[in-house]
Amino acid sequence: MRVLASAPAKIILFGEHSVVYGKPAIAAAIDLRTYVKAEFNENGRIRIEAKDIRTPGLTVSFSEDQIYFETDYGKAAEVLSYVREAINLVMEEAGQRKGVTVSITSQIPVGAGLGSSAAVAVATIGAVSRLFGLELDKSEIAKLGHKVELLVQGASSGIDPTVSAVGGFLYYQKGSFESLPVVELPIVVGYTGSSGSTKELVAKVRKNYEEMPEIIEPILNSMGKLVEKAREVILAEYDKEIKFKLLGTLMNINHGLLDALGVSTKSLSDLVYASREAGALGAKITGAGGGGCMYALAPGKQSEVATAIKIAGGMPMVTKISKEGLRIEEVEK
Ligand code: PMV
């Protein structure tokens, strides 16, 4: 038997960083997927084949007559620990151990803040649990995905595996989640090609907060209110155009506030401004900042915005919101 499952990437639409201070955030699944194929093998081992996972890439340098290749295998190795823990947890759940081979292909760049680790964990849990004949629902899979993150990285809010398993829009506050109706946002994600450390950026904001709470606290409060406003807009019965305009404005404000917290970089802001000039209704950092990704809301202008992002030095990914989370793509008997 062979099972192919896929799980989507996520973006934080609104509320990164302020969420660390107990404010709400809204995240969404996007249509970039990680595919995991699982089958039993005869040798009793866990075998993981990472066929095509998008690590930050290859750097080539030349000197005189030498060519040097560098690649970030560290990041790829990290992905594999999520897969391994995911397989182990499913086997514990099934109460039996068997040899399993999984092979992974992914459209989600690793280390870009798009939730590639959670997607690989969720797709693995989905494929392997089906292989073992377990009937887990999406919230059980999200919980196992969260467990995998806790085992591998020590701390996690659980937002990434939940969005990846359940799909759509998720409103999150202090550990509880609520699915919101999905607004089909035509977006472009722009990857700067470098990644910031979430841990360091969270620490930087904390330091500023402790040194000057009277200045940082109102920014965090504004961010919290902005997320509430975005939730209202998402739930309202407005026309699509009005929703896009309002959400775009909120994105721009959210970007400004994140910049004020000190988590933007020149390349992120370059991509944000290039997108707006190319016609995006809004553009902001998504995730921790310091590198990683931004996203732009660009109805009718996705290809213009993608070109502008490319010219500004980023890697554009034209994508849409994914209503679906974990998907079983194929089961071969
Ligand atoms: O780096 P990402 O995309 O997982 O986003 C981190 C979001 C933060 O709010 C900065 C941190 C957190 O734990 O919520």
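Since the model is a prediction, treat every value here as computed from it, not as a measurement. Worth knowing before you read on, the calculation uses all heavy atoms, side chains too, and leaves out hydrogens, waters and symmetry mates. Just so you know, ligand 1 is whichever comes first in the structure, and atom 1 is the first atom listed for that ligand.
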Does ligand 1 have any N/O atom under 3.5 Å from a protein N/O, and what are those pairs and their distances?
{"from": "ligand 1", "atom 1": "1 (O)", "to": "T198", "atom 2": "OG1", "distance (Å)": "2.8"}
{"from": "ligand 1", "atom 1": "3 (O)", "to": "K10", "atom 2": "NZ", "distance (Å)": "3.2"}
{"from": "ligand 1", "atom 1": "3 (O)", "to": "G113", "atom 2": "O", "distance (Å)": "3.1"}
{"from": "ligand 1", "atom 1": "9 (O)", "to": "H17", "atom 2": "N", "distance (Å)": "2.8"}

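- E304 is linked by a salt bridge (Lys or Arg N to Asp or Glu O under 4.0 Å) to nothing, counting only residues two or more places apart in sequence or in another chain.
- Identified under the salt bridge (Lys or Arg N to Asp or Glu O under 4.0 Å) test for residues 137-156, with sequence neighbours left out: none.
- By the 4.0 Å N-to-carboxylate-O rule, E39 lies too far from R47 to be salt-bridged with it.
- In terms of modelled atom types and a separation under 3.5 Å, the side chain of E184 and the main chain of K320 share no donor-acceptor contact.
- Separating the OH atom in Y82 from the CD1 atom in I48 is a distance of 13.5 Å, to the nearest 0.5 Å.
- Grouping Ile, Leu, Val, Met, Phe, Trp and Tyr by side-chain contacts under 4.5 Å, direct or through others, puts L4 with Y35.
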